[in-house]
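Quick note on labels: first sequence line is chain A, next is B, and so on, each numbered from 1. Everything numeric in this text was worked out from a predicted model, so none of it was measured.
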Amino acid sequence: MLAISPGVRHVSTAKSMDAIMSLCKRRGFVYQASEIYGGINGFWDYGPLGAQLKKNLRDAWWQDMIMNPCWGRKGPNGERVKCVPVETCIIQHPKVWEASGHLAGFADPMRKCPGCGHFVRADQLWDIITTGSEWFASLIQEFEPALEDTKTPAIDASKLLKWARSKGRKQAPNLALVKNPEVVLSFLATRINGQPTAPPDVVEIIRHLATAQLNATGLQDPCPRCGDVLGTPAAFKLMFETYAGLTQSEDNKVYLRPETAQGVFVQFKNVVDTTRIKVPFGIGNTGKSFRNEITPRNFTFRSREFEQAELEFFCHPDESLEWYKFWRDFRMEWWKSIGLAGENLILREHEKDELSFYSKGTSDVEYRFPFTAPGFGELEGIAHRGDYDLTQHQTHSRNKLDYFDTTRGETLPNGGKKGERYMPHCIEPAAGLDRGALALICEAYTVDSARPSPEFLKLHPRIAPIKAAVFPLMDKDGLPEIADALYDKLFARFGRIGLIENDAKQSIGKRYARMDEAGCPYCFTIDGDTKADQTVTVRDRDTGQQQRMNIDKVEAFLAEKLGV
RNA sequence: GCGGGCGUAGCUCAGUGGUAGAGCGUCAGCCUUCCAAGCUGAACGUCGGGAGUUCGAAUCUCCUCGCCCGCUCCA
């Protein structure tokens, strides 16, 4: 290895995750949680700059989604978009998670279908197949004679073949019998003819029909929905558990929320009843959520504790598709507006077979992280959830959660409306703030070996944790005093939205370099001429170029650049 | 969950059984009129953690934790 000559920094020109993580640590953006104890898998802390950056991201979301939704533009109904905030608890009544579907099934070993994503309880698999599977019900019609209990039915290979090529293609597209009927049927025939004294029962026959490579894999279990081979059973403890109360009894067991959205749904009626807001409107909720990820990985991208910013937007079912498209497009625009404007950001509409059964449409805003490239990783999901959530909570809580809309229905003689009662549909833009912060850092991270400070962060001024720096060119001749006065002025004006630096130590180049790595967009330098003509230089982080301006113009210049 | 790689100062890394190092960064002083400059000095180490082998372990063995990569997984 070559010796590193003094004063020369060797930096790879590629955008490597190692280099980004290294910068995050060294500049105080992200630390490993509990690092002095060896760290803890799946948890990360934010340092001073990271905490401020993430706050800026959260504030931007809050401003553009709650305070002034969609920058004041009108929604599909021709009116300004209306949203209100709530802040709900991390720990909710356990029945919330029963109703939402998060709890059901996750206490017991489950098997996942790789074909359609369906989860099945391992211990109830065959009950579910024999009583609830569409393709099974259709398939056993082809047995001769009709099935009785689990006795061996007669097998007519030609009928099974015909089924595989007609109904099977629609009902169980991933079943081995459908994908490769000749091979599967030959295995089955070998089995039946091989041991005529111990004929296979229905379960074994079906398992044969689900198995494409008997010798390699043994008999497989099919997915009740699509017929694909199920994965091995595993206990999925998705949610963190703890106890509310002193005794660690089942009665006291509670869960840390796996998403913030449910808090909105369970308070939907309270918001409607205690504010004067009317459908269509949104309820925003931000905060920590927890998922016991099996494999936390990729820096902060998949953490076990993470922060969400979710909006649940409620509207009339007839207008829901328009609202879905509206939010999907706005959310993409929003991420672009804070610095993800390049080709690394895409909006991906889910395929029909990828959708939850209740969803009429789902899109992901995805970013090409260094660790996903050339693929993409999800930043935000925008889902049309129909009335699924409110209906679930209405059923489980036995509280009516529907909405009486006084702007609809036929016109009454007095000019008013008769009104219409309905369950609102919900559009959910759900963003991950930690993923957002990571994407912003990755996108901002730039290497230019031609610069004296090759590594820098091109953070959008709105997101940058340090908004500006004030530097006296030298630490003497009255320059620090002028810098202090400018600093005080800038701090008074901008100190509430970010950090302002004031530093007289060391060479000016080193101070610029520090600000480059921290992503500070503008540095204002006081030099000897300042005393004579009241001008300072402003240095642009991204170009390194400088211009002189009157010291009294600095505040207005910065305000314009920061958009405040 | 399986397999591979890695773990030494804030960062990047050298050190393969014998006194813990370098560059950069950080801090202080000097110098310096615009880009990690120069000079002088200083602080900073559970060598990831634990156990073992050894006269002696950063180094060898075992266990463990963490990070990265590939599968797996991610309602």
Just name whichever nucleotide pairs with [N], Watson-Crick or G-U, keeping both distances under 3.5 Å, else none.
N     : result
B/U33 : none
B/A58 : none
B/A28 : B/U40
B/C2  : B/G70
B/G7  : B/C65
B/U46 : none
B/A14 : none

Practice prompt. For A/Trp97 and A/Glu259, work out which heavy atoms get closest and say how close.
Written response: CH2-O, 3.8 Å
Worksheet item: Which heavy atom of A/Ser320 sits nearest a heavy atom of A/Ile427, and at what distance?
Response: O-CD1, 3.5 Å
For [X], which contact category applies under a 4.0 Å heavy-atom criterion: base, sugar-phosphate, or nothing?
X        : result
A/Leu23  : nothing
A/Glu35  : nothing
A/Phe299 : sugar-phosphate
A/Gly28  : nothing
A/Asn41  : sugar-phosphate
A/Arg451 : nothing
A/Gly377 : nothing

Discussion item. Give the residues of residues 380-388 of chain A touching RNA chain B, defined as any heavy atom closer than 4.0 Å, sorted by residue number.
Written reply: none
Fill in: Whether A/Phe371 and A/Phe369 hold their rings parallel, tilted or perpendicular, with breakpoints at 30° and 60°
parallel
Worksheet item: Taking the inter-plane angle between the rings of A/Phe557 and A/Tyr522 on a 0 to 90° scale, is it parallel (under 30°), tilted (30 to 60°) or perpendicular (over 60°)?
Response: perpendicular
For the [atom1] atoms, the ones on [N] and on [M], what distance do you get once it is rounded to whole angstrom?
N     : M     : atom1 : result
B/G23 : B/G17 : P     : 25 Å
B/C24 : B/U33 : P     : 24 Å
B/C11 : B/C44 : C1'   : 13 Å
B/U61 : B/C71 : C1'   : 30 Å
B/G4  : B/G45 : P     : 35 Å
B/U8  : B/C67 : C1'   : 16 Å
B/A57 : B/C68 : P     : 33 Å
B/C6  : B/G48 : P     : 13 Å

Using 4.0 Å as the upper bound for N to carboxylate O, is an ion pair formed by [Y] and [X]?
X        : Y        : result
A/Glu307 : A/Arg58  : yes
A/Asp527 : A/Arg548 : yes
A/Lys561 : A/Asp540 : no
A/Glu455 : A/Arg26  : yes
A/Glu98  : A/Lys95  : no

To the nearest angstrom, how far is [X] atom [atom1] from [N] atom [atom2]?
X        : N     : atom1 : atom2 : value
A/Leu230 : B/C73 : CG    : C1'   : 15 Å
A/Met21  : B/C11 : CE    : P     : 11 Å
A/Phe524 : B/C35 : CZ    : P     : 19 Å
A/Tyr31  : B/G10 : OH    : C1'   : 9 Å
A/Asp516 : B/C35 : CG    : P     : 13 Å
A/Glu517 : B/U12 : CD    : P     : 12 Å
A/Ile526 : B/U33 : CD1   : C1'   : 13 Å
A/Phe371 : B/G70 : CZ    : P     : 11 Å

Discussion item. Does B/C69 have OP1 or OP2 under 4.0 Å away from a side-chain N or O of A/Asn298?
Written reply: yes
Practice prompt. Tell me whether the OP1 or OP2 atom of B/C11 has a side-chain N or O from A/Lys25 closer than 4.0 Å.
Written response: yes
[X]: partners by side-chain hydrogen bond (donor to acceptor under 3.5 Å, both in side chains), with sequence neighbours left out:
X        : answer
A/Glu428 : none
A/Gln32  : none
A/Trp335 : A/Glu380

Worksheet entry | From A/His384, A/Arg348, A/Glu349, residue fulfilling side-chain hydrogen bond (donor to acceptor under 3.5 Å, both in side chains) relative to A/Ser363 | A/Glu349
Item to complete: Apply ring pair (Phe, Tyr, Trp, His ring centres under 6.0 Å) to A/Phe299 and A/Phe301, showing your working.
Response: CA-CA 6 Å; A/Phe299 202 26; A/Phe301 183 77; over 10 Å; no
Worksheet item: Nearest nucleotide by nearest heavy atom, which residue falls closer to the 5' end of RNA chain B, A/Arg291 or A/Ser22?
Response: A/Ser22
Does [X] get its side chain close enough to the base of [N], under 3.5 Å, for a donor-acceptor pair?
X        : N     : value
A/Tyr37  : B/C65 : no
A/Ser453 : B/C35 : no
A/Glu293 : B/C73 : no

Nucleotide N/O to protein N/O under 3.5 Å, stretch nucleotides 1-8 of chain B:
none

Worksheet item: When you look at A/Thr535 and A/Asp533, which way does the side-chain hydrogen bond (donor to acceptor under 3.5 Å, both in side chains) test go after all the steps?
Response: CA-CA 6 Å; A/Thr535 62; A/Asp533 62 8; 2.7 Å; yes
Please produce a list of atom pairs where a protein N or O lies less than 3.5 Å from an N or O of nucleotides 26-28 of chain B.
residue	atom	partner	partner atom	Å
B/U26	OP1	A/Arg514	NH1	2.2
B/C27	OP2	A/Gln506	OE1	3.4

Worksheet entry | Listed nucleotide nearest any side-chain atom of A/Pro454, set B/C34, B/A36, B/C11 | B/A36
